[in-house]
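Working notes for the structure below.
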Amino acid sequence: MQSLAEKDMIACPYNKEHVMLRKKYQQHILKCREIHKDTVELLVCPFNNAHLIPEPEFHQHCKSCVDRKIIVQYQTCEPAVLHADTRHEKIEADENWDDDEVEDYNPQVYCAQANIVREPTGMFPSERKAFIKEEERRRCGDNSRQGKSKSRAESRHTPYNPNQQRSKRSSK
């Protein structure tokens with residue numbers, strides 16, 4: 001196993017004996033906070049939520065927090081100045097897509113007309129049976145067999161057909 005550098009490891013503020021990887025720190029804090037909620041009172045740093053500090057040291061930490069410089073730098077920086085070469089004229093379009101009278105897209109209608117396999121989800125058994133029958137008719141395009149009834153064996157879907165396997169073997 002690779003040796004872990006000290007910068008990858010961090011100690012728990014609730015129990016200094018708990019040492020873990022930085023990436024596991026947030027997850028660990030949630031568990032430790034629940035265990036030690038009655039015994040240890042820690043305040044959250046306003047600059048970094050991962051910093052949990054005891055109340056007596058909190059004020060000093062806020063003054064010297066490493067992440068404070070990021071916030072201070074953001075607050076004190078000057079706003080960006082737009083020069084004339086970065087500005088451009090407003091672009092006016094001749095077409096307006098809201099003016100077109102186009103029928104709304106209905107995915108169910110599209111799927112019923114396109115060559116797409118659909119699944120009967122959220123239907124009652126009788127609806128599911130009718131849907132499967134209609135889908136089979138739609139995909140096969142076989143309107144002539146609509147009146148004829150199939151036997152149970154013909155209508156059953158089986159993933160393995162031994163006759164197909166034999167014909168493949170015999171053709172080799």
Evaluate the side-chain proximity of [Y] to [X]: yes if any heavy-atom separation is below 4.5 Å, no if none is.
X    : Y    : value
P46  : F58  : yes
L30  : Q26  : no
M9   : R22  : no
E127 : P120 : no
C45  : D67  : no
V40  : C32  : no
M20  : Q27  : no
K69  : F47  : no

Inset, instruction - List the steps, then state whether side-chain contact (heavy atoms from CB on, under 4.5 Å) holds for K90 with E92. - result: CA-CA 6 Å; K90 185 177 178 183; E92 292 290 334; 3.6 Å; yes

Inset, instruction - Assess whether salt bridge (charged side-chain N to carboxylate O under 4.0 Å, His left out) is satisfied between R139 and E136, documenting all intermediate values. - result: CA-CA 5 Å; R139 282 186 287 168; E136 191 172 299; 5.8 Å; no

Inset, instruction - Could you please spell out the steps behind the side-chain contact (heavy atoms from CB on, under 4.5 Å) verdict for L52 and I29? - result: CA-CA 9 Å; L52 299 171; I29 287 298; 3.6 Å; yes

Work out which heavy atom in [X] is nearest to a heavy atom in [Y]; give both atom names and the distance.
X    : Y    : answer
K16  : V19  : O-CG2, 4.0 Å
Q113 : R138 : C-NH1, 4.5 Å
P54  : L42  : N-CD2, 3.5 Å

Inset, instruction - Anything under 30° is parallel, anything over 60° is perpendicular, the rest tilted; go ahead and classify Y105 against Y110. - result: tilted

Inset, instruction - To the nearest 0.5 angstrom, please state how far the NE2 atom of H36 sits from the SG atom of C12. - result: 6.5 Å

Do the side chain of [X] and the main chain of [Y] share a donor and acceptor less than 3.5 angstrom apart?
X    : Y    : value
R128 : M123 : yes
R68  : C62  : yes
Y25  : A50  : yes
R137 : I132 : no

Inset, instruction - Going by the side chain to side chain contact (heavy atoms under 4.5 Å, CB included) test, name the single residue among K63, E57, H61, E55 that passes it with H59. - result: K63

Inset, instruction - For atom OH of Y74, decide whether the heavy atoms of other residues, nucleotides or ligands shown that lie under 6.0 angstrom number more than 12. - result: no

Inset, instruction - Answer yes or no: does atom CG of N106 have more than 12 heavy-atom neighbours from other residues, nucleotides or ligands under 6.0 Å? - result: yes

Legend entry - Verify same cluster id: I53, I10 (apolar side-chain graph, 4.5 Å): no

Legend entry - Lys/Arg-Asp/Glu bridge criterion (N-O < 4.0 Å) met for K37, E34: yes

